[in-house]
Every structure is written in C-alpha cells, then in structure tokens.
Amino acid sequence: MNLVHDFELKTVPPYSFELTVAKPAGWWWATPREVYEGRTLWTGVRWEGRLLGLRIDGLRTLMRPRIRCRVYSRARFDEAMKDAVTSLIRAALRTEEDVRPFYEMAEGDPIVREVVKDLRGMRILRWPDLFSALILAITLQMAPLVRSQQMWGLLMEHYGENAVFDGRRIRYWPSPKKISETSEEELRSVAKLGYRAKNLKAIAESILGGFPTMEELSRMPSEDARRKLMELRGVGEYSADIVGTEGGFSLDVWSAKIFGVLMTGKEPEDPRAAIPVLQRLARERWGRWTGHVFVYVLNDLDKVSERIGFDLTKF
DNA sequence: GCGTCCAGGTCTACC
DNA sequence: GGTAGACCTGGACGC
C-alpha cells in the first residue's frame with residue numbers, strides 16, 4: 001500500500017489518545033489485530049469496499065492534544081476521497097466531542113466521580129466501519145468472551161484481509177462481499193459461528209444491498225439510527241447499542257451483574273430479567289451520558305472494585 | 001469420562 | 001403485546 005493522505009486533527013481537550021484507542025479493558029479501535037506502541041496506532045479500516053492502512057500518532061499532551069494520521073491505499077486518492085476519509089477518522093476518534101459537561105455531571109455522582117478522574121480524556125467507542133462493528137455485536141451474543149474471541153480469530157484467519165503498509169502487516173475483518181460469498185454451512189463449521197452464521201450472512205447481504213453506512217447512520221437522529229440497525233437480522237437492542245454511534249447502554253448478562261451491584265448494592269438474582277430495570281434506572285440517573293458512564297465504568301473495574309470492596313472483575 | 005448447564009441475545013410461534 | 005422455547009459451541013461443574 002502507498003501513502004495517499006497525511007493530515008493532522010485538532011481535538012477538544014482533555015483528550016487522551018492512548019485511552020481512546022487502546023482501552024484499559026482491552027477493547028481495540030478498529031480490529032483486535034491492530035498494533036499500539038509508544039503513542040502510535042497501526043490499524044486498518046474498510047471504506048467504500050476498499051481496505052485502507054492507517055498509521056495514527058498521538059502528539060503533544062492531554063490539554064494540548066493533536067493527532068497525525070497517515071492513510072495508505074492500493075488505489076489512488078483524489079481530494080474528495082481525502083475529505084471523506086478525514087471526516088470518517090475524525091468521527092471515529094471523537095476528536096470534536098466535548099466531555100467537560102460529562103465530567104461536571106460526574107462531580108455530583110458517587111459512582112462516576114472517581115472513574116472520570118482515573119480515565120480523564122478518554123473517548124467512548126465509535127467503530128469506524130459498520131460491518132466490522134456488526135460482526136463484533138453478533139459474535140458477542142450468547143457467548144462467553146473466550147468463545148467470541150475464538151469466532152473473531154477464525155473469521156479473520158479464514159476470511160479476513162491484510163493491510164501491508166509502513167513496515168507493518170495488520171489483519172482486518174472480512175468484507176461483506178466475502179461473507180456473502182461464503183456458505184452458511186462453511187461459516188458454521190469453519191468459523192464456528194453456530195446459529196449466528198445465518199444472521200451474519202443476512203447482514204452482509206443487507207449492506208451490499210445499500211444499507212446506510214456508519215456515516216449516514218450518524219447523521220440520523222440516534223433513535224432513528226438505532227431502529228434502522230434493528231431492522232437487520234439478528235440485531236436487537238443490545239447489538240444496536242454496541243454498534244450505534246451515540247454510545248448506548250448495551251447491558252447484557254455480564255454488565256447487568258456489575259451495574260446491579262453498583263446501582264442497587266447487590267448482584268441481581270436474574271440478571272437477564274434485571275436488564276430493562278437497570279437500563280431505566282441508568283437513563284434516569286445519567287441521561288444523555290449513560291453510554292459514557294457504561295464505557296468508563298467497564299474500563300475501570302479494578303479501581304472501582306477496590307473502592308467499593310467488592311470484586312466486580314469476577315463476573 | 002460423561003452428562004448437564006449456560007453464557008457479554010434474538011427470533012419465532014403461540015397465546 | 002407478551003412470552004416460552006429454540007438456537008451453536010465449548011468450558012465449568014458435579015457425579
């Protein structure tokens with residue numbers, strides 16, 4: 001791949017590049033196989049059907065942050081393509097988001113007050129590529145994390161693609177086209193997707209059939225985007241919140257246990273049944289910042305556990 | 001060793 | 001409009 005675009009982004013402080021792209025809980029920015037070393041991220045993104053290599057450097061400090069991004073491609077880039085990719089990366093890094101109102105709200109809340117000090121400057125997740133985010137959501141369903149990781153590994157190994165640039169080789173998620181061309185039986189047996197194979201194929205076909213892109217979804221009112229995502233086969237509220245551009249409160253059985261302890265003082269007896277109740281309580285308590293609280297708390301479980309004297313990492 | 005349970009949900013069929 | 005029951009797979013657990 002050749003260098004086709006090189007630009008800098010200003011960010012609204014405080015902005016921590018490291019906490020944003022390499023989350024303490026281990027979540028990646030675009031692919032689990034990306035590399036983060038010494039304030040530089042080598043990763044990839046699929047845009048308009050083509051895989052791009054990205055080298056992103058976090059420059060300067062928390063309060064005077066800048067980001068330099070280099071884009072690599074096999075194809076040539078014109079000015080319109082450069083503008084589109086710049087805005088895609090800007091949105092996915094959330095460089096223009098002002099988190100100060102969130103931190104002000106946190107001052108008055110005992111659960112969030114210390115968490116925002118631990119993770120000052122972190123931005124919540126915002127997947128750069130819709131289909132990759134949907135693969136993540138589908139493979140998280142009804143599976144312990146190790147099983148989800150097994151599915152990611154097999155999907156990438158057998159159907160993924162390499163971005164080779166800047167002396168690096170980064171393995172990236174399969175394209176919708178590749179998944180649509182693979183039989184459901186093969187996805188079941190080779191990628192061990194089980195019942196999810198049918199859903200993932202249907203999603204790939206919807207995307208190839210003109211489903212809105214992440215950028216188009218982000219321009220919709222968030223509730224409309226959420227409803228649109230739930231039109232996809234196998235995407236319910238949980239998955240729509242994982243993929244969604246506004247950082248939803250995607251409670252599942254695991255996180256319901258954690259927030260059950262934090263918000264009600266005890267582990268729910270039936271976590272699945274507790275999900276809608278906890279979601280309502282969270283929405284009432286944190287309003288538009290609910291998704292931020294979710295990501296901040298789940299990325300700070302060690303310290304939160306220490307403070308409350310209850311091991312939340314055991315779930 | 002072997003059987004059972006259930007996990008970082010969603011859809012369908014039935015009432 | 002509300003809700004059991006089914007769904008892949010594999011690790012944990014009890015016997």
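First the proteins, then the strands, lettered A, B, ... as listed; each starts at 1.
Among C:dG10, C:dC8, B:dC11, the nucleotide with an atom closest to any side-chain atom of A:Arg233 is B:dC11.
Residue contacts for A:Val146: at a heavy-atom cut-off of 4.0 Å it reaches no nucleic acid atom on any strand shown. Residue contacts shown for A:Leu232 are limited to sugar-phosphate atoms, with no base heavy atom under 4.0 Å away.
A donor-acceptor contact closer than 3.5 angstrom links the side chains of A:Trp152 and A:Thr139.
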Discussion item. Base contacts versus sugar-phosphate-only contacts with protein, heavy atoms under 4.0 Å: please encode nucleotides 3-8 of chain B as B, S and - from 5' to 3'.
Written reply: ----BB
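The phosphate of B:dC11 (OP1 or OP2) has no side-chain N or O of A:Arg196 nearer than 4.0 angstrom.
Look at A:Arg55 and A:Asp57 and you find a salt bridge, because one of the NZ, NE, NH1 or NH2 atoms lies within 4.0 Å of a carboxylate O, short of that distance. A salt bridge between A:Arg100 and A:Glu104 is absent, with no side-chain N of the basic residue lying under 4.0 Å from a carboxylate O of the acidic one. Using a 4.0 Å cut-off between a side-chain N of Lys or Arg and a carboxylate O of Asp or Glu, A:Arg66 and A:Glu8 qualify as a salt bridge.
Comparing B:dC6 with C:dC7, their C1' atoms sit 13 Å apart, to the nearest whole Å. Spacing of P atoms, C:dC8 relative to B:dC2, comes out at 25 Å, to the nearest Å. B:dT4 and C:dA6: their P atoms are spaced 15 Å apart (whole Å).
The NZ atom of A:Lys303 sits 14.5 Å away from the CG atom of A:Leu312 when rounded to the nearest 0.5 Å. The distance from atom OH of A:Tyr15 to atom CE of A:Met63, rounded to the nearest 0.5 Å, is 14.5 Å.
Ring geometry for A:His292 against A:Tyr296 counts as parallel: the plane angle stays under 30°, on a 0 to 90° scale with 60° as the upper cut.
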Worksheet item: For DNA chain C, what string of dots and brackets results from 5' to 3' when Watson-Crick and G-U pairs need both distances under 3.5 Å, crossing pairs get [ ], and pairs with another strand get |?
Response: |||||||.|||||||
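Residue A:Ile308 is grouped with residue A:Leu298 when hydrophobic side chains (ILVMFWY) are merged at heavy-atom distances under 4.5 angstrom, including chains of intermediate members.
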